[in-house]
Every structure is written in C-alpha cells, then in structure tokens.
Trainee: 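Quick one: this structure, given as structure tokens, is what I'll be asking you about.
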Protein chains: 2
Amino acid sequence: MEEIDRAIVAALTTDGRQSYTDLAEKVGLSVSAVHQRVRRLEQRGVVKGYTARVSFEALDLPLTAFVAIRPFDPSQPDDAPVRLAHLPEIDSCYSVAGEDFYLLLVRVAGPVDLERVLQEIRTSANVTTRTTVVLSTPYEGRPPKISGEPSTRQRSRPAGETAGSTGG
Amino acid sequence: MEEIDRAIVAALTTDGRQSYTDLAEKVGLSVSAVHQRVRRLEQRGVVKGYTARVSFEALDLPLTAFVAIRPFDPSQPDDAPVRLAHLPEIDSCYSVAGEDFYLLLVRVAGPVDLERVLQEIRTSANVTTRTTVVLSTPYEGRPPKISGEPSTRQRSRPAGETAGSTGG
DNA sequence: GTTGAAACTCTCCTAAC
DNA sequence: GTTAGGAGAGTTTCAAC
C-alpha cells in the first residue's frame, strides 16, 4: 500500500471523525482525491469501520483482566469463541500458540463481577481459566506504524502478486 | 449513567460515524437532544474520541503477539512504558498483577520483525520477554455491555459520591 | 431536559483540465 | 492527479417550551 494511503489510515485512526478538508490538508492532497482514496480504502476493507473510544471507567467497567483458557478435554471440538460470544464482558478473544488455547480480554465493574464472569466462562466453554488482572493501562490501541519505507520487512507472498486480483 | 446515555455510547461504539439523525432514531430522542447528550458525553470524557477500525492484514501487519515483560533488575525505577513508547509496533501496554510487570500487544509484518521488536524491547527497557503468538482473532474490541439494569454490580465508592465533584 | 427551525458546514457528485 | 461548482445532507446553534 502506498505511503499516502498509510498516512490517511493513520490520521483516521487518530481521529476517525475529522473532515475530508482536514484530512486533505494533513496528507497534502485535494479534498476530492482524499475522498476517493478513503472510499477505496473502505471498499478494499482496509478501513473496516469507525468506532468511538470510550472511558471504561466512566462506563462503570474499571476492572480489566486477561483470562487465559484451556479446555478440560482437549479432544472435544474447540468452539470456545462461539460458546463465549454471548458474554458482553468479553472485549476480545485471541486464539494463541503456547500452553493456552485462547486469551480473553474482559472488562467488568469489579471483583464480584469478575468472579461471576469467570464462572460463566468455565461453564459455558468447559474450560479452566488463569486470570491476570490489569492494574493500569499506560496506553491502548495506539495508531499503527505510519511507516514511509519498509526496510527489513518480510513478505507473506511473492512480490507483484495481489490477493483476489485477476486483472480488474 | 443513564440508560439512554449507555445506548448512545453503545451505538457510537458500533458505528462512530453515524449521523445524529440515525442516532436519534435509535435511542428515541430528537436530533438536538441526542446532539447535546453526545457533546456532554465528550466533555465528561466518557467518549474520548473516534477512531477507524482497520484491517491489520491489509496494513501488512498480519502477525499479532502478546509480550509479557519483567525487568532484569526489579530494584531499578520502573519506567518501561515510556521507554517503549517510541516503538510503533506496540499497540497497547498493560500494567498487570502476577509474575510479569507489563503485558504488551504488538503487531508486526512477520517473524523477522517480531524478533527485531523483541530485541528492541529488551534493550530499550532492560527487561526479559515471554511472547505468545496470536494465531487468529475470533473477535476484538467488541462494544461494551449495553446493560439496562445493573443487578449484581458492586461499586468502587459509596453511593451518592462522585469523583471530582464538589457541588457544582 | 426537550423540541423545532434556521444558519452554516461538510459530504458527495459532476464536469473540465 | 487537480480545481471548480452545486445539490443535498448533516452539524451546530438558537429561541421557546
């Protein structure tokens, strides 16, 4: 992807609601050009959507924790993500390498809710849990690398080949 | 916080760029009323900003990993977050309870970059690392609980007392 | 705290270069 | 890629309830 597109994405990650006028000024293009690039980024799925950054403390969810889970019976079908999807306290679910199967990020009001959610996780997905409580969050969800020129970066597919493109 | 404000926050978390017209229709208020509530939520810091949700694969950052760090010398001043802030590959930094001091979420292009970032983390903050590679992400950054009525939720401070309020 | 209307800005499309 | 124009929609403020 081009450098100017990365700059647009970085700007939209910092402020997803800024006007195309501001965006155009930041990346040094006209409003029309920026508008067209943003539409293309959205169509290509590079920009998947927009969301508000919220204060979880203000939402009465001051306690964050990571919950590593592994199944009681590893031979059973592994559908923990779908079995846990109904729990609104789970912010994110990562399938991970290592001893654990999944790593969950949960946000609750306090220890009492955490205990309840852990019980619900265990019973819903038939798993054991190992919980790491977050004490503070120095930073979270920072904008991705603005990066002008990739130097040491390896590629996952041969150069010149693009996924899903047949020439149109 | 009121139920209607929570509904607004939930809607903005799902789509941070929707118009006040749509927002008003969803929560059953007029456009002006919704607009005023959103402004108050922003001023109170409940809504801290807006950001684009991006595809890290499309940004050539397909490899996500959790990096748990702990210092070589625990007696040294603990300023790892600031010493690591210059690394754009670090998405989030959590101070955690347990054996480790911090848990980092990093996003890179591949194993080669991961190795480089790990070395930079170790040298920048004088820490050891234990890395957990993310294989896939079933879901991430889900909207927080919409919640109409808190039942089992405990409070972190006495009812009727609000932080920073002296009567204004 | 809510409503409705007016003024303004921005988005979005079109056309020509 | 750029500039220019313009219709429509959305944002923001204002006065009144």
Side-chain angles (χ1 to χ4, degrees), chain A residues 1-55 58-60 143 146-149 160 162 165 167-168, chain B residues 1-54 58-59 143 146-150 159-168:
Chain A
M1 194 171 59
E2 300 178 9
E3 181 180 359
I4 197 144
D5 278 338
R6 300 188 83 94
I8 290 175
V9 171
L12 285 177
T13 305
T14 304
D15 181 3
R17 247 186 165 179
Q18 62 188 301
S19 67
Y20 292 115
T21 305
D22 294 344
L23 212 49
E25 192 172 348
K26 287 179 183 174
V27 303
L29 263 63
S30 68
V31 175
S32 300
V34 166
H35 187 217
Q36 189 175 358
R37 279 175 179 267
V38 171
R39 285 191 62 178
R40 283 191 56 208
L41 288 170
E42 291 172 351
Q43 289 174 354
R44 289 165 49 196
V46 179
V47 174
K48 295 190 291 185
Y50 302 88
T51 175
R53 291 186 293 111
V54 301
S55 166
L59 290 176
D60 286 329
I146 313 172
S147 104
E149 36 204 357
T162 57
S165 172
Chain B
M1 194 170 58
E2 300 179 10
E3 182 179 358
I4 197 150
D5 279 337
R6 301 189 82 94
I8 290 175
V9 170
L12 285 177
T13 305
T14 304
D15 181 4
R17 246 186 167 180
Q18 63 188 299
S19 67
Y20 291 115
T21 305
D22 294 345
L23 212 49
E25 192 171 348
K26 287 179 182 174
V27 303
L29 263 64
S30 69
V31 174
S32 299
V34 166
H35 185 219
Q36 190 175 357
R37 279 174 180 265
V38 171
R39 286 192 63 179
R40 282 192 56 207
L41 288 170
E42 291 173 351
Q43 289 175 353
R44 288 166 49 195
V46 180
V47 173
K48 295 190 290 185
Y50 302 89
T51 174
R53 290 184 295 110
V54 301
L59 290 177
I146 313 171
S147 102
E149 37 202 356
E161 185 176 281
T162 56
S165 173
T166 56

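All values below come from the heavy atoms of this structure, side chains included, with hydrogens, waters and symmetry mates left out. Labels below follow one simple rule: chain letters A, B, ... track the order of the sequence lines, proteins then strands, and each chain is numbered from 1.
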Trainee: Strictly below 4.0 Å: does A:Y20 bring a side-chain N or O up to OP1 or OP2 of C:dC10?
Mentor: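 No, because none of the side-chain N or O atoms of A:Y20 sits under 4.0 Å from OP1 or OP2 of C:dC10.
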Trainee: Both B:G28 and A:D22 contact DNA chain C. Which one's nearest nucleotide lies toward the 5' end?
Mentor: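 Its nearest nucleotide being more 5', the pick is B:G28.
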Trainee: Using modelled atom types only, decide if a donor and an acceptor are shared between the side chain of A:T51 and the backbone of B:T14 within a distance under 3.5 Å.
Mentor: no
Trainee: Would one find a side-chain N or O of B:R17 under 4.0 angstrom from OP1 or OP2 of C:dT11?
Mentor: no
Trainee: Nearest whole Å is fine: how far is C:dT2 P from B:E2 CD?
Mentor: 8 Å
Trainee: Could you state the atom-to-atom distance from CZ of B:R37 to C1' of D:dT11 in whole Å?
Mentor: 19 Å
Trainee: So, the side chain of B:Q18 versus the backbone of B:A11: is there a donor-acceptor pair under 3.5 Å, distance only?
Mentor: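 Checked: pair present.
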Trainee: Mind checking A:A33 for me? I need base, sugar-phosphate or nothing, with any heavy atom below 4.0 Å counting as a touch.
Mentor: sugar-phosphate
Trainee: Check whether any side-chain N or O of B:R40 sits under 4.0 Å from OP1 or OP2 of C:dG1, and answer yes or no.
Mentor: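 Looking at the OP1 and OP2 atoms of C:dG1, one of them is under 4.0 Å from a side-chain N or O of B:R40.
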Trainee: Hey, does B:E25 have a side-chain heavy atom less than 4.5 Å from the side chain of B:Y20?
Mentor: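 Of all side-chain heavy-atom pairs linking B:E25 with B:Y20, none is under 4.5 Å.
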Trainee: Choose from C:dT2, D:dT12, D:dG1 the nucleotide whose nearest atom is closest to any side-chain atom of B:L29.
Mentor: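 Given the options C:dT2, D:dT12, D:dG1, the side chain of B:L29 is closest to C:dT2.
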Trainee: To the nearest Å, how far apart are B:L23 CG and D:dG10 P?
Mentor: 13 Å
Trainee: What's the shortest heavy-atom distance between A:T13 and A:P143, and which atoms?
Mentor: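 Heavy-atom minimum between the residues: CG2-CA, 3.7 Å.
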Trainee: Output the rounded distance in Å from OH (B:Y50) to C1' (D:dT11).
Mentor: 12 Å
Trainee: Give a yes or no on whether a salt bridge exists between B:E2 and B:R37, defined as a side-chain N under 4.0 angstrom from a carboxylate O.
Mentor: yes
Trainee: Considering only D:dG1, D:dT11, C:dC13, which nucleotide approaches the side chain of B:S19 most closely?
Mentor: D:dT11
Trainee: Is it the case that C:dG4 (base atoms only) and B:S32 (side chain only) share a donor and an acceptor within less than 3.5 Å, ignoring hydrogens and angles?
Mentor: yes
Trainee: Once you round it to whole Å, what is the distance between P of C:dG1 and CD1 of B:I8?
Mentor: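 Rounded to whole Å, this separation is 11 Å.
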Trainee: Give a yes/no on whether any side-chain N or O of B:H35 is located under 4.0 angstrom from OP1 or OP2 of D:dT11.
Mentor: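 Answer no for this pair, as no side-chain N or O of B:H35 is under 4.0 Å from OP1 or OP2.
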Trainee: Can you tell me if B:R39 touches the phosphate of D:dT11, counting only side-chain N or O atoms and a distance under 4.0 Å to OP1 or OP2?
Mentor: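 B:R39 to D:dT11 OP1/OP2: no side-chain N or O under 4.0 Å.
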Trainee: Need one value for A:S30: base, sugar-phosphate or nothing, where a base atom within 4.0 Å counts as base even if backbone is also close, heavy atoms only.
Mentor: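 Base, at least one base atom sits under 4.0 Å.
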